[in-house]
Amino acid sequence: MREGQFIQQNIEKWKTYQYEPTTDPDEMAARFTELVNDLGYAKTFYPQSRVTLYLNKLASGIYLGIYKNKKEESSRIVRFWKSELPLVIRKHHRMLLYSFLIFLFFALLAAFSAANDQEFVRGVLGSDYVEMTDQNIAKGEPFGVYKEQDATSMFLAIAVHNVKVSFMIFISGLLAGLGTLWLIFQNGVMLGSFQYYFFSKGLGWKSVLVIWIHGTLEISSIIIAGAAGLVLARSLIFPGTYKRFPSLKRGVRDGVKMMIGLVPVFIVAAFLEGYVTRYSQMPVWLSLFILIASAIFIIWYFIIYPIRLSKQGNMVQIIKA
């Protein structure tokens, strides 16, 4: 679109915003959102134009009107966890849903394949692991693998491994999303095979009570990292009204924020796997408590809280972030 046509289409709206100010918070937020969209378009296609400076000044004025009476948090870190990250997550909830459905599909497909092919589990998990676990089951220690290493070394190794895997899933989004999908496929198939193996041995629910103590956070992290990778891929393949490089920068920025948000989850999951999962004989109520508390946290912070926050008129923070 030519600059003259762009101005002609929007000038009346801009004049209304400039000369007819409002004190209604929702209207101010809506106007700010509109102006930021227009400003983003102008910066992309007319970066040296006066209309870009005009829109920037107009948007800044409305922004100051929205936030002049708002007390700023003293800590940038607090603001990140309280609003910035949840709103970025909310912005990409659809990618999170896609990542979950893709992971679930491959996990169920692997379980189905294992049920119809006795060698499938060995092909996925490896014969050495299956034989070792068979020996542990025979000794009455089906989850003995979690006791073979001291807790601290195991915690550190798992934390590093989880961070590495999840960041690989994210970065692989640069391969048009194919790398991310491949790694989601691999992890989904491993989980489906692993879980079916224990159910086939009559230890299914016991494995849920033991392994999902840390698995709830660990698998959730993989799914969220998959969503971040899909965000990166979408920004590269479908730039929308932006040029490809600015669109990619936005995708990288949002994806990195999502990955930063996962770091504490990685650490807690590794702590649980290193220090807690080894106690496979703990009371059922305690296992359920840890498992359910982990699930509630993931559902609340990554799904419910972002939705509630966005409905409170804070969607404008997504653009600011």
Side-chain angles (χ1 to χ4, degrees), residues 73 75-104 159-188 215-240 242 245-270 294-311 314-321:
E73 286 103 343
S75 172
R76 174 70 173 81
I77 296 176
V78 171
R79 185 167 65 251
F80 175 80
W81 295 104
K82 185 178 179 181
S83 59
E84 191 172 333
L85 175 61
L87 287 173
V88 169
I89 294 291
R90 173 57 179 151
K91 181 181 177 182
H92 300 295
H93 261 178
R94 182 172 296 182
M95 293 297 104
L96 183 59
L97 175 62
Y98 292 161
S99 180
F100 169 74
L101 292 177
I102 294 169
F103 185 92
L104 180 63
V160 171
H161 174 75
N162 288 348
V163 171
K164 180 180 177 181
V165 169
S166 296
F167 271 87
M168 282 296 298
I169 293 174
F170 166 57
I171 295 298
S172 296
L174 290 172
L175 301 175
L178 297 178
T180 295
L181 292 175
W182 172 251
L183 292 172
I184 292 176
F185 161 76
Q186 284 187 323
N187 284 274
T216 302
L217 297 178
E218 191 171 84
I219 298 302
S220 298
S221 297
I222 290 174
I223 292 171
I224 296 168
L230 295 178
V231 168
L232 193 58
R234 183 177 65 175
S235 70
L236 178 64
I237 302 172
F238 305 109
Y242 294 90
F245 184 67
S247 174
L248 180 60
K249 285 176 62 178
R250 289 162 62 89
V252 170
R253 181 182 60 203
D254 286 354
V256 167
K257 288 179 181 179
M258 294 170 72
M259 296 306 298
I260 291 173
L262 287 179
V263 171
V265 182
F266 297 145
I267 294 173
V268 174
S294 299
I296 289 175
F297 166 74
I298 292 294
I299 293 170
W300 178 79
Y301 187 75
F302 289 95
I303 300 176
I304 297 175
Y305 178 60
I307 293 174
R308 290 180 58 187
L309 196 61
S310 68
K311 288 182 177 179
N314 289 312
M315 281 304 291
V316 69
Q317 286 282 3
I318 296 179
I319 303 169
K320 177 191 172 189

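Note that this is a predicted model, so its numbers are computed, not measured.
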Dump the intermediate steps for side-chain contact (heavy atoms from CB on, under 4.5 Å) on S221 and N162, then the final yes or no. CA-CA 9 Å; S221 297; N162 288 348; over 6 Å; no

Checking L96 now: which residues fulfil side-chain contact (heavy atoms from CB on, under 4.5 Å) with it, not counting sequence neighbours? H93, I223, I224, A227

Could you report the tightest heavy-atom contact between A233 and A176, atom names first, then the distance? CB-C, 3.9 Å

Once you round to the nearest 0.5 Å, how far does OG of S247 lie from CZ of R234? 9.0 Å

Can you check whether N187 reaches I169 side chain to side chain, under 4.5 Å on heavy atoms? yes

Begin with the C-alpha distance, continue with both residues' side-chain angles, and end with the deciding distance and a verdict on side-chain contact (heavy atoms from CB on, under 4.5 Å) for R253 and K257. CA-CA 6 Å; R253 181 182 60 203; K257 288 179 181 179; 4.1 Å; yes

One should read off an interatomic distance between R90 CZ and F302 CZ, to the nearest 0.5 angstrom, of 15.0 Å

So, for I307 and I303, which heavy atoms are closest and what is the spacing to 0.1 Å? CG1-O, 3.2 Å

Less than 4.5 Å apart, side chain to side chain, heavy atoms only: is that true for S99 and L230? yes

Y305 side chain vs K82 backbone, donor-acceptor pair below 3.5 Å: yes

Scanning both residues in full, the closest heavy-atom pair of T180 with G229 reads OG1-CA, 3.7 Å

Between CG on residue L181 and CD1 on residue I184, distance to nearest 0.5 Å: 5.5 Å

Among all residues two or more places apart in sequence or in another chain, which pass the side-chain contact (heavy atoms from CB on, under 4.5 Å) test with I304? I299, W300, R308

Yes or no on side-chain contact (heavy atoms from CB on, under 4.5 Å) for F266 and E218, after CA distance, side-chain angles and deciding distance? CA-CA 7 Å; F266 297 145; E218 191 171 84; over 6 Å; no

Could you pull out all residues at least two apart from R250 that satisfy side chain to side chain donor-acceptor pair (under 3.5 Å)? Y242

If you define the side chain from C-beta out and look only at heavy atoms, does anything of V265 sit under 4.5 Å from S220? no

Atom CE in M258, atom NE2 in H92: separation rounded to 0.5 Å? 6.5 Å

With a 4.5 Å heavy-atom cut-off, do P264 and W81 have their side chains touching? yes

Quick one: are V263 and V163 in side-chain contact, heavy atoms under 4.5 Å? no

Identify the two heavy atoms, one from A225 and one from S166, that lie closest to each other, and give their separation to 0.1 Å. CB-O, 3.6 Å

Taking side-chain contact (heavy atoms from CB on, under 4.5 Å) as the test, write out the residues that go with L174, two or more places apart. I171, L232, L248

So ring-ring contact (aromatic ring centres under 6.0 Å, His included) across residues 159-186, not counting sequence neighbours, yields F106-F185, W182-F185

Does F297 have any ring pair (Phe, Tyr, Trp, His ring centres under 6.0 Å) partners at least two apart in sequence or in another chain, and if so, which? Y301

From CE (M95) to OG (S235), nearest 0.5 Å: 11.0 Å

From CD1 (I219) to CZ (F103), nearest 0.5 Å: 4.0 Å

